[in-house]
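Below: the structure, in structure tokens.
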Amino acid sequence: MNILFTAEYDEALIEVIRGLGNVDVQGWAKGIGKLSEEELISLVEDVEVIVTSYDDITKAVIDAASQLKLVFCTRATPVNVDVAYAREKGIKVLFTPGRNSDSTAELTIGLMLSIARSIPFAYEQLKQGNYTGRKETSNQAKAGLQRDVVWGVGPQSPYVVFKGVELKGRTLGIIGYGSIGRRVASIARGFGMQILVFDPYVSNIDVDSLTTKKVGIDQLLKESDFISVHLKVSKETENFIDKSAFEKMKNSAYFINCSRAAVVNEADLIEALRRKQIAGAGLDVFSTEPIPEDHPFITELENVVITPHIAGATTDVLTNHTKMIIQELDRYMKQEPLLYEYR
């Protein structure tokens with residue numbers, strides 16, 4: 001079995017894959033980057049399996065691969081594969097659902113903590129030399145008192161400027177209760193949060209518990225202290241969170257998005273933050289990526305924490321999808337039913 005391998009991988013496991021066939025490691029897998037259509041065409045003539053992350057598997061690439069039987073895309077959705085044409089040619093397309101669910105869920109909680117406690121803002125001020133002393137100072141206690149580590153409590157002290165809110169006792173609204181949404185809920189329960197869930201494709205019996213309740217979208221928007229979106233992009237979800245949604249949220253609410261920018265009307269979010277219609281936002285995705293250097297999230301707004309689309313950027317994700325690849329290739333060779341065929 002000839003395998004063209006252009007996906008990221010766990011180096012400790014690549015030899016297992018080599019044991020399953022003749023592996024040609026190219027492109028992103030070698031740290032070179034995304035291959036062009038022409039480069040792919042030159043590599044696929046005798047290839048039975050393509051394993052990729054980001055390369056575009058187009059009609060032309062598929063036509064050039066006369067022996068192709070399997071395309072494995074190490075993503076939650078194989079958006080870079082012409083799935084319809086592959087099916088027409090009898091080629092199975094596989095994907096890796098859940099490979100980065102824990103990674104994304106943890107960053108979601110990280111953004112919640114960051115915006116709720118102003119962590120990056122406090123860090124930035126210290127790095128700029130604010131709230132620092134000229135030299136080591138002594139915190140000697142006055143007679144009869146114990147040593148006190150609080151050195152400033154005036155209106156401009158960090159204790160006041162960066163005063164935030166706890167997650168404990170707050171309500172988290174989760175929009176979309178798939179693998180990532182469920183993991184976010186699990187972590188949030190550990191903080192002592194109550195969970196509201198909106199997902200029309202999940203039954204109450206799979207959601208409702210002492211700490212978690214399935215509700216309508218309006219109730220979730222009105223009652224949640226934190227709102228986290230975990231939706232795939234579709235006609236139904238595009239711009240799902242817009243001006244009307246922000247108007248229903250509490251002024252003290254924080255909005256978090258580690259899913260896709262298209263599910264939020266970014267212009268409406270910017271306006272809601274400008275007007276302090278909501279308390280703040282934590283975002284990992286943007287309508288244009290990379291985010292423009294003059295974007296209001298960078299140049300203007302001080303109530304938003306942003307990261308450059310890194311929710312799935314952990315070494316653990318590589319391990320997860322490499323194991324999934326190994327398992328599926330083994331099942332394919334044994335002619336067993338495949339677990340991750342994209343339908």
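A donor-acceptor distance shorter than 3.5 angstrom exists from the side chain of Asn257 to the backbone of Arg260, with no hydrogens or angles considered. Not one N or O on the side chain of Gln277 forms a donor-acceptor pair closer than 3.5 Å with the backbone of Glu271.
The salt bridge (charged side-chain N to carboxylate O under 4.0 Å, His left out) test applied to Lys213 returns no partner, not counting sequence neighbours. Residues meeting the side chain to side chain donor-acceptor pair (under 3.5 Å) test with Arg274, sequence neighbours left out: Glu300. Every salt bridge (charged side-chain N to carboxylate O under 4.0 Å, His left out) that Lys89 has, sequence neighbours left out, goes to Asp63.
Interatomic distance, OG1 of Thr52 versus CD1 of Ile57, reported as 5.0 Å (0.5 Å rounding).
When the shell of 6.0 Å around CD of Gln128 is examined, it contains more than 12 heavy atoms from other residues, nucleotides or ligands. Glu45 CD: 12 or fewer foreign heavy atoms inside a 6.0 Å radius. For Glu336, the CD atom counts as densely surrounded, since its 6.0 Å shell holds more than 12 non-hydrogen atoms of other residues, nucleotides or ligands. Within 6.0 Å of atom CD in Glu11, 12 or fewer heavy atoms from other residues, nucleotides or ligands are found, so the atom counts as exposed in its surroundings.
We find that Lys250 and Asp225 are joined by a salt bridge, their nearest charged nitrogen and carboxylate oxygen being less than 4.0 Å apart. At a threshold of 4.0 Å, the pair Lys222-Asp218 does not count as salt-bridged, since none of the basic side-chain nitrogens sits closer than that to a carboxylate oxygen. Classification of Asp102 and Arg183 as a salt-bridged pair holds, one side-chain N sitting under 4.0 Å from a carboxylate O.
Using cut-offs of 30° and 60° on the angle between ring planes, the pair Tyr54 and Trp28 is perpendicular.
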Practice task
Start with the C-alpha distance between Asn2 and Asn22, add both sets of side-chain angles, then the distance that settles side-chain hydrogen bond (donor to acceptor under 3.5 Å, both in side chains), and finish with yes or no.
Solution key: CA-CA 5 Å; Asn2 293 324; Asn22 301 314; 3.2 Å; yes
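Across all non-hydrogen atoms, the minimal contact from Val160 to Gly154 is CG2-O, 3.2 Å. Between Ser179 and Ser101, the shortest heavy-atom contact is OG-OG, 2.8 Å. The minimum heavy-atom distance linking Val25 with Lys30 is given by the pair O-CD, 2.9 Å. Contact between Val263 and Val229 at its shortest, heavy atoms only, is CG2-CG1, 3.7 Å.
Considering only heavy atoms from C-beta on, Gln327 comes within 4.5 Å of Tyr340 through its side chain. The closest side-chain heavy-atom distance from Ile306 to Phe286 is below 4.5 Å. Contact of the Leu94 side chain with the Tyr332 side chain is not registered, since no non-hydrogen atoms from C-beta on lie closer than 4.5 Å.
The aromatic ring centres of Phe191 and Phe226 sit 6.0 Å or more apart.
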